[in-house]
Every structure is written in structure tokens, then in C-alpha cells.
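Nothing fancy with the numbering, it's 1 onward along the sequence. For ligands, and for the atoms within them, numbers begin at 1 and follow the listed sequence.
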Amino acid sequence: MARTPWRNWSRTVQAQPVTLARPRDEAGVAEVVARAAAAGRTVRPVGSGHSGSPVAAADDVSLDLRHLTGVRAVDPAQGLVAVGAGTRLDALSAGLLRLGLAVANLGDIDHQTLAGALATGTHGTGAAFGSLASGVRGLRLVLADGRVVTCSPTERPDLFAAAVVGLGAFGVVTEVLLHCPPAFLLAADEHPEPLAAVLDGFEQRTAAADHVEFYWFPHTAVAMVKENVRRPLAAGTDPLPRWRALLDDEVLANGLFAATCTAGTLLPGLVPTINRLSTRALAPRRYTDLSHGVFTSRRRVRFREMEYALPRADLPEVLREVQRLIDRRGWRLPFPLEVRVSAPDDAWLSPAHGRATAWLSVQQYGAAPFVDYLTGVEEVLVAAQGRPHWGKLHTRTARDLAPLYPRFTNAQRVRRAVDPAGTFASPHLDRVLGGRDAPTTRGGVTERPEEAQCVHHSRR
Ligand SMILES: Cc1cc2nc3c(=O)[nH]c(=O)nc-3n(C[C@H](O)[C@H](O)[C@H](O)COP(=O)(O)OP(=O)(O)OC[C@H]3O[C@@H](n4cnc5c(N)ncnc54)[C@H](O)[C@@H]3O)c2cc1C
């Protein structure tokens, strides 16, 4: 049977699904799942393929919900909207704005689908804001037997708590009931600062503005700090001039950055100088605009990424340790490290579950070696009780992860109950969630050879 090649955004995972299903509606999703289950086949729901880990990779049926999109119902009084699970976040923001609403918080980009972003615990930054999943009030799911069920904090609460950040392991989400605040503006203040000062005042700083993050450029002592404060629409926008937005976001952040990354990969010895020159060119900027345009930006330079959720108070010391490691190991790193924060989440499998979190992300240019760097830093993050982002590279297994999540075994129990035959299983899911009697061993999912060391997901 002819297989359809698939690869993810960062080109770290390739797969050859036997069937690519794109049902037109929920009944079609249920039919695909029921048929596959009856035939003993496996199904993996897929979003827009932005996960760097093989969490969405399918070797049998790849189920794409691109036709299940749009805002389907609105309860303005409660700020609740029912959204098709395959809706991309950029389309969601546009649709919500027409209703006078917005997504409460977003990450760096908005090309992911809503269901895909929720399934891996996708987050933005903000000490008082949880991951995207914290805004979910209910789900419609197709279970492994083809039944359509709804769940919420009060209806099938265990299924909800497990499936809302569920890696696509508990069922196929067809619709999400999302709490959305009134549309709002963000007043952005972006400026370079000495890294030492940022780390010294880290906790106070992250509490002082609604959404705080910073990027540290290795081989320099400088951090680019971004502080966004929420404002009502009535405050009025003060956007960046078009030429400045184009220069910063297209020319400097993408075009020139790609060129310097290529130069640094060919001549690694140049990287520290390039980074120092780049940080000198960082100009402060202030502007006020619609929230989704400020939260997100374009990332056209492909990269490999690992991100860990850490106990927030420990972030400064962990980053200092990573700094020392980079110096000791002599890695040459053109990409900055990114630090964000979030509030504790209720979702059982959210990496921010139950604790005030700081996220540390390490990224490497797509064409440069990355395994040594990522696995080296991972040792520091693991020692600091870090939990990996499910949609990014990591080497952890269920055995490592279970002690870090108080409700891990509850989630395993729900998985066994709703998917006893492993219809939604994959070798990667069995590795990171465990809890099934015998790990599945199906072929067809491959990764770049150097990747195999990093994600421990081998060709079978
Ligand atoms: C450039 C870039 C920037 C990023 N920025 C951020 C960021 O700022 N913050 C952050 O936290 N992450 C970030 N990520 C990671 C990204 O948000 C996650 O990997 C996200 O899961 C990708 O969504 P997707 O639609 O591409 O889903 P996929 O990667 O296609 O799938 C992810 C998971 O969702 C499951 N899934 C998809 N659809 C369904 C469904 N209908 N029902 C059940 N399960 C489903 C899949 O099975 C899989 O387990 C970034 C990634 C990239 C490449």
C-alpha cells in the first residue's frame, strides 16, 4: 500500500502513514476511528505538525482535523466559545476579535491548531496565567470505540483532567469550549538589560508586569527583556511604524538572523563575536497593539528545541548553571535561550501542573549539530526537577516522569480505561506515558539518525 510521507516543522521527525484521513465533520472522525479500531489499526490525530517530538507521528492512520474549524457557538455573558478543534490559533484570534473577544494568552507563534496546542501543554508567559489548557472549560472527544463524549471539570472530570493536555492519547478532540476574555491590547516594552540584573530580580520582575519573558544570548552578558502590560481596547493602539516592524521582525529577526546562523555554523569560532555584535544592535522599543499581534511573531528560521518547566524560584540558579556548562563545554550557540513563566495548571499532564513555573527553552539552528548541546543541558534541567514540554525534544520516559507528576498514574489509569486496545498508541506515546502492558512495536516512523539519541524513539 502506498504510504504518504509526512514530516514535522523542524524536520526532526518523519513518518509514512498508511492512510491520511481528513474527515469533513465529527461523524466522519468517529467513523474513521471506529473502523480503524475494528480492524486493529492505530490512529494518531495530527495538527499543524509544529511539535519537535514524535508525539503526532503516525505510521498507520494519520487523522487531520483541518475541516473541523471555526467558532461554532458563543455565550457572550460567560465569555465562552465553542471552537472546532482543527482551528489554527491565528484564525481563532481573528474570529474572536470579530466577537470582541481574544485568547487570554498565547505563545511565540500562532500557526498551531487549537487541539494540537492544547495537547502538548502549549503556553505563553505570565506569572498569573496558565497554559492555553487552563482556559478550557469542556471538550468533545471521539473515544477509541468511536463514541462521541463530552467532558468538563464537572462531567467525566477524570477524563477531562487527563485529556485536556492529553498528547492525543485519550481520544480525538473535535470541539473545545474555551473561556475567552474581552479583546484587549498589550503595551509592550522591549529592551536589553544585563543578564545578571534580570536574574537577581527575577521573581519580582515576573510579578511586576502581566507577561514577562527574556532571551539570553550565549557568549554575552545581555538579555533582551520583553514586558507586556494588558490594556483595555479603549486605551487606543500605538503600533510600531510599519518600516520598524518590517525591519525588526522580518529583516533582523528572520533574514539577517538566518544569515548569521549560517555563517556561525560554517565558522563556529565567529559565533561569540556575532552574538556580541547582535546584542549591541538590539534597540529598545515600545508600542501598544492588539494582544495576538504582540504575543506572537514570525519564526521562519528553523530550529531544534528543548524546553523544560522548572520550579519558578529555581530558575536563576539553573540558568547560571547552564551558563557555566556552556562555557565549560565550548559550544558555539547562535540561538538565544528563552525564559518564560506561568501559573500552576490543573491539567494532570501539564508540565506546569500544580506549581508556579519558569520555562527554560534551549534552541539550536536547524542546520547545526544539536544533540550534544540539548542532552548536556537536559542533565541540568532534570537534576532541577524539570518536566519536559511534550511537543519539544527530550529523552525522558514514563519511568522518569511518573515521580514528577502527582497524577501521572491517574492519567495512565484513564488511558487504559478509554483505550484498552491501544488504538491511539504509538511507540513514542508508550515510551513517555507507559502504563500499557506491552509497548507497541510498529514500524514506519523514522527520525534523523542523530535525533534518535535525543528523543530515544528508534526505528523498529
Ligand atoms: C516555531 C515554533 C514556535 C513554538 N512556540 C511555542 C510556544 O511559544 N509555547 C509552547 O508551549 N510551544 C510552542 N511550540 C510548540 C507547539 O506549540 C506544540 O508543539 C504544539 O503542540 C503544536 O501544535 P500543532 O497543531 O502543530 O500539533 P501537532 O504538533 O501536529 O500535534 C501535537 C499533539 O496534538 C495532538 N493532537 C492534534 N490534534 C488533536 C486532536 N484533534 N485531538 C487530540 N489530540 C490532537 C497530536 O496527536 C499530538 O500529540 C512552538 C513550536 C514551533 C515549531
Side-chain angles (χ1 to χ4, degrees), residues 6-13 15 21 23 26 29 32-33 42-58 61-69 83-90 92 105-125 130-133 139-143 162-176 211 213 254 295-309 335 338 340 342 345 349-352 357 359 361 363 366 388-393 424-426 428-429 432-433:
W6 174 90
R7 60 182 181 175
N8 65 344
W9 181 90
S10 59
R11 311 289 190 253
T12 46
V13 184
E26 186 181 76
V29 175
V32 170
V33 173
T42 58
V43 178
R44 293 298 306 135
V46 65
S48 58
H50 275 63
S51 294
S53 68
V55 70
V61 180
S62 178
L63 181 54
D64 180 331
L65 268 65
R66 67 180 57 194
H67 297 302
L68 277 73
T69 58
V83 186
T87 309
R88 269 178 40 154
L89 296 179
D90 48 2
L92 176 60
N105 195 7
L106 286 167
D108 289 339
I109 60 156
D110 54 9
H111 291 183
Q112 310 94 317
T113 61
L114 177 59
L118 294 173
T120 60
T122 293
H123 62 93
T125 190
S131 69
L132 251 69
L139 297 174
R140 283 180 73 88
L141 275 174
V142 173
L143 297 182
V164 65
V165 176
L167 293 79
F170 298 86
V172 183
V173 177
T174 55
E175 190 175 283
V176 179
H211 307 278
E213 67 187 299
N254 282 297
F295 281 135
T296 65
S297 54
R298 289 198 179 182
R299 302 290 301 266
R300 285 194 282 103
V301 183
R302 281 182 212 278
F303 56 90
R304 276 69 183 279
E305 182 179 14
M306 175 180 74
E307 185 177 40
Y308 266 69
F335 259 74
E338 184 180 11
R340 293 178 281 184
S342 52
D345 271 345
L349 294 177
S350 168
T357 292
W359 299 86
S361 156
Q363 307 175 2
H389 190 305
W390 298 109
K392 303 186 183 183
L393 297 171
F424 298 120
S426 72
H428 177 74
L429 284 192
V432 298
L433 294 181

side-chain contact (heavy atoms from CB on, under 4.5 Å) assessment of M306 paired with S361 | CA-CA 6 Å; M306 175 180 74; S361 156; over 6 Å; no
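Aromatic pair H211/F295: ring centres closer than 6.0 Å.
Legend: residues meeting side-chain hydrogen bond (donor to acceptor under 3.5 Å, both in side chains) with T125, ordered by chain and number and at least two apart, are absent.
The only member of H50, E305, Q363 that meets side-chain hydrogen bond (donor to acceptor under 3.5 Å, both in side chains) when paired with K392 is E305.
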Write none if no such pair exists; otherwise list each N/O atom of ligand 1 with its protein N/O partner under 3.5 Å and the distance.
from, atom 1, to, atom 2, distance (Å)
ligand 1, 8 (O), D108, N, 2.7
ligand 1, 8 (O), R340, NH1, 2.7
ligand 1, 9 (N), H123, O, 2.9
ligand 1, 11 (O), H123, N, 2.9
ligand 1, 11 (O), H123, NE2, 3.3
ligand 1, 11 (O), H389, NE2, 2.8
ligand 1, 12 (N), H389, NE2, 3.2
ligand 1, 17 (O), Q112, NE2, 2.9
ligand 1, 17 (O), T122, OG1, 2.9
ligand 1, 19 (O), S51, OG, 2.8
ligand 1, 21 (O), S51, OG, 3.3
ligand 1, 21 (O), G116, O, 2.7
ligand 1, 21 (O), T120, OG1, 2.7
ligand 1, 25 (O), S48, N, 3.0
ligand 1, 25 (O), S48, OG, 3.4
ligand 1, 25 (O), T113, N, 2.8
ligand 1, 25 (O), T113, OG1, 2.8
ligand 1, 26 (O), S48, N, 3.2
ligand 1, 26 (O), S48, OG, 3.0
ligand 1, 26 (O), G49, N, 3.0
ligand 1, 26 (O), H50, N, 2.7
ligand 1, 29 (O), H50, N, 3.4
ligand 1, 29 (O), S51, N, 3.0
ligand 1, 29 (O), S51, OG, 2.7
ligand 1, 30 (O), G47, N, 2.8
ligand 1, 30 (O), G49, N, 2.9
ligand 1, 41 (N), V173, O, 2.9
ligand 1, 42 (N), V173, N, 2.8
ligand 1, 47 (O), R44, NH2, 3.1
ligand 1, 47 (O), P45, O, 2.6
ligand 1, 49 (O), V55, O, 3.4
ligand 1, 49 (O), L167, O, 3.0

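A salt bridge links D108 to R340: one of the charged nitrogens lies within less than 4.0 Å of a carboxylate oxygen.
W9 contributes atom CH2, which lies 6.0 Å from atom CZ of R302 (distance to the nearest 0.5 angstrom).
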